[in-house]
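Have a look at the structure below before the remarks.
Because only heavy atoms are used, hydrogens play no part in the values below, and waters and symmetry mates are left out as well, while side chains stay in. Every chain is numbered from 1, with letters handed out A, B, ... down the list of sequences.
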Protein chains: 2
Amino acid sequence: MTRKEAILQAATVLFSQKGYKETSTADISELTKVAEGTIYYHFSNKEKLFLSVLEQTRELITKEFESYMENRQFRNGMEMIEHAVTFYMYLAGKLENQFLLLHRHYPYKMALTNPDIRENLEAIYDCLVDIFEQGVLMGQQDGSIGKMPPRKTALIIFSMVDGVVRFKTYNLYDASALFNDIIVSCRKILTTDQKYEEGA
Amino acid sequence: MTRKEAILQAATVLFSQKGYKETSTADISELTKVAEGTIYYHFSNKEKLFLSVLEQTRELITKEFESYMENRQFRNGMEMIEHAVTFYMYLAGKLENQFLLLHRHYPYKMALTNPDIRENLEAIYDCLVDIFEQGVLMGQQDGSIGKMPPRKTALIIFSMVDGVVRFKTYNLYDASALFNDIIVSCRKILTTDQKYEEGA
DNA sequence: CTAAAAACCGAGCATTAACTCAGTTTTACT
DNA sequence: AGTAAAACTGAGTTAATGCTCGGTTTTTAG
């Protein structure tokens with residue numbers, strides 16, 4: 001592993017676990033055994049370093065997700081969404097630091113003034129919500145999912161799953177204990193239900 | 001307003017909008033026109049000041065919620081939860097700074113080492129989830145809500161609603177546009193459905 | 001009115017953090 | 001081997017921050 005990669009890796013861990021402001025370049029230097037000057041040789045400043053971490057996070061999450069969804073066949077849209085939810089919770093465990101980063105507030109704060117950061121954050125969320133939306137559209141064609149607004153439904157499913165993952169991030173509740181209940185809830189939300197089709 | 005109250009108010013705004021570490025006592029001093037020494041006269045240090053902000057936040061949110069739920073009659077559990085969801089989204093708009101504070105990561109980080117902070121955070125979440133749980137229990141007695149684990153269901157409903165509120169916090173999506181869809185999803189999750197009762 | 005107590009002030013201290021730069025080591029190429 | 005470029009180093013600079021403390025003003029109570 002090159003020193004540049006080591007810096008990026010250490011920054012990912014520290015930014016996600018301690019926070020951006022709370023992580024000093026000295027911390028990164030100590031963890032990597034690389035001099036502070038080297039950090040600034042590879043990344044012009046701390047914000048650029050964070051941007052690189054975020055770009056790598058985007059790459060990891062979107063690639064992982066897209067390759068999972070591409071190499072699989074689903075009987076219908078409902079099944080696709082169930083798999084997407086399952087994979088989301090699996091990935092949140094596997095890429096714990098990356099998801100922790102996205103569950104912190106400072107990236108969204110920085111996104112207000114830094115367009116590059118905003119673009120990467122939006123790309124990650126778009127990728128995830130798009131997958132759920134495609135599932136809804138697919139399910140509406142094959143009949144496994146009822147009549148409902150696809151994008152909004154995707155956002156709600158995403159919000160539910162991500163919220164539960166965050167419980168774990170915040171040390172409030174163990175997300176995996178809710179896994180079955182989330183799948184059941186998803187199915188209920190997506191299933192055709194005459195009663196609500198009329199009322200909407 | 002006393003100076004102590006002014007400090008507390010300014011700290012709430014700054015901690016929630018800028019973050020804890022990013023807010024200096026000089027910032028608070030400037031905003032309130034109160035000398036830095038006065039801040040330390042009323043609050044022994046910055047962490048104690050944050051604790052006071054959190055205590056006030058807990059007081060505000062739990063009192064608001066409890067008084068809303070107490071002074072109202074609901075035809076059944078389902079209606080109670082619908083009202084709780086609606087009030088949650090209303091309150092998140094009214095107490096924007098307080099909810100923003102709870103949607104940041106540092107309070108939960110501090111909670112790991114500071115039991116007083118942990119206690120207040122848990123009290124807020126317990127209060128909110130308890131209300132949803134009570135709604136589920138009530139609905140299961142009056143028949144408006146199906147057979148399902150009350151606490152877990154409450155957590156999922158909470159997670160869904162809070163997740164959508166966070167979209168707004170993070171400037172990703174306007175929460176209010178999803179209001180109707182959330183209510184519909186809630187009803188679907190809570191409604192008795194023979195198909196899933198057996199499968200669980 | 002007076003004196004003690006409470007509230008308030010802000011300059012100053014000690015520490016820390018982002019970033020620079022002049023110099024050193026390593027790598028790549030002929 | 002020789003040399004130029006790339007990679008690396010860490011002490012030093014500058015600015016900011018949490019907090020203290022001696023002194024001043026305001027409030028309170030007899």
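Residue pairs meeting the salt bridge (charged side-chain N to carboxylate O under 4.0 Å, His left out) criterion with at least one partner in residues 84-111 of chain B, sequence neighbours excluded, are B:Glu64-B:Lys94. Pairs of residues two or more places apart, or lying in two chains, that qualify as salt bridge (charged side-chain N to carboxylate O under 4.0 Å, His left out) and include a residue from residues 112-122 of chain B are B:Arg58-B:Glu119, B:Arg118-B:Glu122. The salt bridge (charged side-chain N to carboxylate O under 4.0 Å, His left out) pairs that include a residue from residues 21-43 of chain B are B:Lys18-B:Asp27, where partners are two or more places apart or lie in different chains.
Every residue meeting the ring-ring contact (aromatic ring centres under 6.0 Å, His included) condition with A:His105, not counting sequence neighbours, appears here in chain and number order: B:Tyr170. Applying the ring-ring contact (aromatic ring centres under 6.0 Å, His included) test to A:Phe179 and every residue at least two apart in sequence or in another chain returns nothing. Remark: A:Phe15 engages A:Tyr20, A:Phe50 in a ring-ring contact (aromatic ring centres under 6.0 Å, His included) (not counting sequence neighbours). Annotation: side chain to side chain donor-acceptor pair (under 3.5 Å) contacts of B:Ser16 (sequence neighbours excluded): B:Asn97. Residues forming a salt bridge (charged side-chain N to carboxylate O under 4.0 Å, His left out) with B:Asp174 (at least two apart in sequence, or on another chain): none. Not counting sequence neighbours, B:Glu55 has no partner by the side chain to side chain donor-acceptor pair (under 3.5 Å) test.
Of the residues in residues 1-24 of chain A, those with a non-hydrogen atom less than 4.0 angstrom from any atom of DNA chain C are A:Thr23, A:Ser24. A heavy-atom distance below 4.0 Å to DNA chain C is reached by these residues of residues 28-49 of chain A, ordered by number: A:Glu36, A:Tyr40, A:Asn45, A:Lys46.
Scanning DNA chain D 5' to 3' for nucleotides with an atom closer than 4.0 angstrom to a non-hydrogen atom of chain A gives a first and last hit of D:dA6 to D:dG10.
Judged by a 6.0 Å distance limit and a 45° cone about the ring axis, A:Arg72 is not positioned over the six-membered ring of A:Phe74.
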